[in-house]
Amino acid sequence: MSTRAWIVFLDESGVWLLPRIRRTDAPRGRTPLLRHRLNWKRASMAAALGCHATDPDRGPRLCFHLKPGSYDTAGLIEVLEQMKVFYGGERVVLVRDKLSAHWSRAMRARAAEQDWLIPERLLAYAPEPSPVELLWSSLKKRELANLAGEHLADVAGATEQGIHRINANPRLPWSFLAHTGLTIHPPHPPNLRKDQ
């Protein structure tokens, strides 16, 4: 594995038009009501979060993709193409879970054609090392909490707001990456130094 590469974690998650119910504040005696139409329309989102293996000054990088429906091999190949542009063709060690679409014959063939890509697998049944799981949790607890959208565009808009919030505060992506147990050199990246 090249040390002059980005270490990038890729994961997918789904969102529905059904609201994710979360606790909220309300005046005593006034229970908040959340009205929505029972609708199972679904969108899927993919995020690739990583840092450079030898140069943390380059900061964390977050690449995001959203599409109606579910991801299949063709959808994930689209994500790979977006990542290639996003990382400018630089070397990427891409850590993915064992979702069958990640390791399908077509996906493996496509990945083998990419000289910039080094695919790696996450351990089975181990969501905790993936920093993208923390990103999904942050989105679903803030922007998507109690959202009763009527259209997938409402959910997409809220999701993109959350991605902008996370990108605007580099401490969040660094904290997601630190949770993986990766050794980040220096121990406190530029935007997380204790003297600031």
Side-chain angles (χ1 to χ4, degrees), residues 6-26 32-51 59-88 92 94-102 107 122 126-180 191-192:
W6 289 88
I7 300 172
V8 178
F9 294 83
L10 175 68
D11 193 33
E12 308 78 29
S13 185
V15 289
W16 292 264
L17 283 181
L18 293 176
R20 301 184 63 79
I21 307 300
R22 295 286 182 251
R23 180 180 291 195
T24 187
D25 294 327
L33 297 177
L34 187 60
R35 298 185 192 281
H36 67 90
R37 294 182 179 163
L38 187 60
N39 193 331
W40 286 97
K41 284 188 181 172
R42 172 191 169 99
S44 294
M45 44 192 183
L49 176 61
C51 63
R61 306 259 335 252
L62 173 60
C63 179
F64 180 74
H65 188 267
L66 182 70
K67 72 180 257 22
S70 298
Y71 279 106
D72 56 6
T73 299
L76 290 172
I77 287 173
E78 257 182 59
V79 173
L80 276 186
E81 295 303 319
Q82 180 181 339
M83 285 180 57
K84 182 177 183 177
V85 172
F86 185 78
Y87 284 99
V92 170
L94 185 61
V95 183
R96 303 175 288 183
D97 59 21
K98 291 190 175 188
L99 178 71
S100 61
H102 284 304
M107 179 60 93
L122 264 179
E128 48 289 349
S130 176
V132 183
E133 294 293 337
L134 297 172
L135 178 134
W136 298 145
S137 177
S138 179
L139 282 176
K140 291 176 181 180
K141 287 179 181 173
R142 298 254 328 243
E143 285 76 14
L144 298 176
N146 300 322
L147 177 67
E150 291 194 24
H151 306 284
L152 283 176
D154 300 331
V155 174
T159 302
E160 289 183 11
Q161 264 186 314
I163 294 298
H164 289 300
R165 171 183 58 85
I166 290 166
N167 272 331
N169 180 357
R171 289 177 182 239
L172 280 173
W174 274 127
S175 69
F176 299 159
L177 288 161
H179 180 75
T180 65
N191 55 6
L192 285 181

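Just so you know, these numbers come straight off a predicted model, no measurement behind them. Scope of the values below: all heavy atoms of this structure, side chains included, with no hydrogens, waters or symmetry mates.
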Could you list the residues that satisfy salt bridge (Lys or Arg N to Asp or Glu O under 4.0 Å) with Glu81, not counting sequence neighbours? Arg110
Does anything in residues 63-74 form a salt bridge (charged side-chain N to carboxylate O under 4.0 Å, His left out)? List the pairs, not counting sequence neighbours. none
May I have the step-by-step check of side chain to side chain contact (heavy atoms under 4.5 Å, CB included) for Leu135 and Leu139, ending in yes or no? CA-CA 6 Å; Leu135 178 134; Leu139 282 176; 4.0 Å; yes
Over all atoms of both residues, closest heavy-atom pair of [X] and [Y]:
| X | Y | value |
| --- | --- | --- |
| Val8 | Met83 | CG1-CE, 4.0 Å |
| Phe9 | Pro131 | CG-CD, 3.3 Å |
| Leu62 | Phe86 | O-CZ, 3.2 Å |
| Pro170 | Pro173 | O-CD, 3.3 Å |
| Ala46 | Trp136 | C-CH2, 3.9 Å |
| Lys140 | Gly14 | NZ-O, 3.5 Å |

Compare all side-chain heavy atoms of Val132 with those of Leu10 and state whether any distance is below 4.5 angstrom. no
Are any non-hydrogen side-chain atoms of Asp11 and Leu49 less than 4.5 angstrom apart?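 Result no, sub-4.5 Å side-chain heavy-atom pair not found.
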Got a sec, which residues hit side chain to side chain contact (heavy atoms under 4.5 Å, CB included) with [X], two or more places apart in sequence or on another chain?
| X | answer |
| --- | --- |
| Ser138 | Arg165, Ile166, Phe176 |
| Gln82 | Cys63, His65 |
| Ser70 | Arg42, Ser44 |

Going by ring pair (Phe, Tyr, Trp, His ring centres under 6.0 Å), name the residues that satisfy it together with Phe64, two or more places apart in sequence or in a different chain.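 Phe64 satisfies ring pair (Phe, Tyr, Trp, His ring centres under 6.0 Å) with no residue once adjacent residues are dropped.
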Residues which pass side chain to side chain donor-acceptor pair (under 3.5 Å) with Thr159, listed by chain and number, not counting sequence neighbours: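 Result, side chain to side chain donor-acceptor pair (under 3.5 Å) vs Thr159: none returned.
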